[in-house]
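Step one of this worksheet: look at the structure below.
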Amino acid sequence: MRTIVFGEVKWEVPTCGHHAHVSVFGAVNVLNGDTVLHRAVAANATTFLDFLKILKSRYPDQLIVLVLDNARIHHAKMVRDFLRQEGESFHLIFLPPYSPQLNPIERLWKWLKDAVIANVFHKDQMDIDQAIARFMEYIDQQPEEVLRRLGCAA
């Protein structure tokens with residue numbers, strides 16, 4: 001609990017005491033609004049590789065084109081080795097530095113933050129995770145809205 005004093009009025013604002021977070025990897029099929037979101041304990045090369053395997057199992061016989069920033073985890077040796085083994089299954093497009101506006105998934109992240117995080121007190125990491133799970137269930141049922149919010153609707 002943190003106490004904040006403004007003039008003569010005193011408010012007590014509940015806080016977690018630390019910055020709880022949940023890592024989420026995501027991809028959107030810009031043709032039909034299908035989303036693949038993967039919650040992970042951390043954002044590292046191992047969990048990114050897990051996400052790539054999930055994508056591969058979801059789209060086993062299709063070329064998967066991913067637009068990525070240049071985070072170190074996207075270039076890790078274990079990721080490169082996996083991509084080399086998968087051959088033509090993946091095509092990665094790396095954006096220039098400081099250009100998140102070029103990646104449609106960033107609009108999904110903004111939507112998630114606005115719907116789940118902004119102006120909401122989550123008592124702990126599990127509460128955040130449950131709110132994200134509800135958001136994921138919602139967008140799974142709303143592919144047209146996903147496309148519209150990403151600017152990919154026809």
Side-chain angles (χ1 to χ4, degrees), residues 1-6 9-59 62 64-76 78-79 82-83 90-154:
M1 192 69 73
R2 180 173 290 166
T3 302
I4 301 173
V5 178
F6 293 103
V9 181
K10 181 178 177 181
W11 290 290
E12 290 195 2
V13 179
T15 63
C16 291
H18 65 285
H19 297 287
H21 74 280
V22 175
S23 297
V24 181
F25 293 97
V28 176
N29 183 329
V30 295
L31 299 176
N32 64 15
D34 183 33
T35 57
V36 179
L37 299 178
H38 172 61
R39 296 186 312 268
V41 294
N44 57 43
T46 302
T47 55
F48 179 61
L49 187 56
D50 292 341
F51 176 64
L52 293 178
K53 291 175 182 176
I54 290 167
L55 285 174
K56 177 67 177 161
S57 68
R58 182 88 169 254
Y59 300 100
Q62 296 179 18
I64 301 167
V65 178
L66 293 175
V67 178
L68 302 167
D69 60 19
N70 278 288
R72 288 176 45 173
I73 64 172
H74 300 150
H75 298 282
M78 66 172 46
V79 172
F82 172 78
L83 293 171
F90 290 90
H91 178 73
L92 307 184
I93 299 171
F94 289 99
L95 294 175
Y98 309 107
S99 59
Q101 74 281 4
L102 299 177
N103 194 342
I105 195 78
E106 294 297 337
R107 294 188 266 301
L108 182 74
W109 298 144
K110 180 180 182 333
W111 182 15
L112 182 143
K113 288 176 187 176
D114 289 347
V116 173
I117 304 298
N119 299 316
V120 178
F121 173 73
H122 294 283
K123 63 183 179 197
D124 56 24
Q125 188 168 354
M126 183 181 291
D127 192 34
I128 296 170
D129 194 55
Q130 290 170 348
I132 290 171
R134 287 189 300 273
F135 177 81
M136 290 169 62
E137 289 172 13
Y138 174 77
I139 66 170
D140 277 346
Q141 304 303 314
Q142 305 296 326
E144 300 85 16
E145 186 174 358
V146 170
L147 290 175
R148 185 181 60 75
R149 286 186 176 253
L150 271 57
C152 301

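Because the structure is predicted, anything quoted here is derived from the model rather than measured.
- Under the 4.5 Å side-chain criterion, counting only non-hydrogen atoms from C-beta, Gln130 is in contact with Asp127.
- For the atom pair Phe48 CZ and His75 NE2, the distance stands at 9.0 Å (nearest 0.5 Å).
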Asn103 vs Asp69, test: side chain to side chain contact (heavy atoms under 4.5 Å, CB included). Steps then yes/no.
CA-CA 8 Å; Asn103 194 342; Asp69 60 19; over 6 Å; no
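- From Tyr138, atom OH reaches atom CG of Leu112 across 13.0 Å, with rounding to the nearest 0.5 Å.
- The backbone N or O of Ile117 lies less than 3.5 Å from no partner atom in the side chain of His122, so there is not a single donor-acceptor pair.
- Looking at Leu108 and Leu150, their side chains come closer than 4.5 Å, going by heavy atoms from C-beta outward.
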Give the intermediate values and the outcome of side chain to side chain contact (heavy atoms under 4.5 Å, CB included) for residues Val67 and Leu95.
CA-CA 7 Å; Val67 178; Leu95 294 175; 3.7 Å; yes
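- Ring-plane geometry between Phe25 and Phe51 is classed as parallel, the angle between the planes falling under 30 degrees on a 0 to 90 degree scale with a further cut at 60.
- Here the shortest heavy-atom pairing between Asn32 and Asp34 reads OD1-N, 2.8 Å.
- Distance CD/Gln62 to CG/Asn29: 7.5 Å, rounded to 0.5 Å.
- Taken to the nearest 0.5 Å, the CG atom of Leu37 stands 5.0 Å off from the CH2 atom of Trp109.
- A donor and an acceptor atom, one from each side chain of Asn44 and Thr47, are located under 3.5 Å apart.
- Residues Leu66 and His74 form no side-chain contact, since every pair of their non-hydrogen atoms from C-beta on lies 4.5 Å or further apart.
- Note on Arg134 versus Glu137: no salt bridge recorded, every NZ/NE/NH1/NH2 to OD/OE distance being 4.0 Å or above.
- Among all heavy-atom pairs drawn from Ile73 and Ala45, the shortest one is CG2-N, 3.5 Å.
- For the atom pair Leu92 CG and Leu52 CG, the distance stands at 7.5 Å (nearest 0.5 Å).
- Residue Met136 comes nearest to Arg39 through the heavy atom pair SD-NH1, 3.3 Å, listed as atom of the first residue, atom of the second, then distance.
- In terms of heavy atoms, Ile139 sits closest to Thr35 at CD1-OG1, 3.8 Å.
- Distance check: Gln125 CD to Ile132 CD1 gives 9.0 Å after rounding to the nearest 0.5 Å.
- The two residues Ala27 and Leu55 come nearest to each other via the heavy atoms CB-CD2, 3.9 Å.
- Of all heavy-atom pairs between His38 and Ile54, the closest is ND1-CD1, 3.3 Å.
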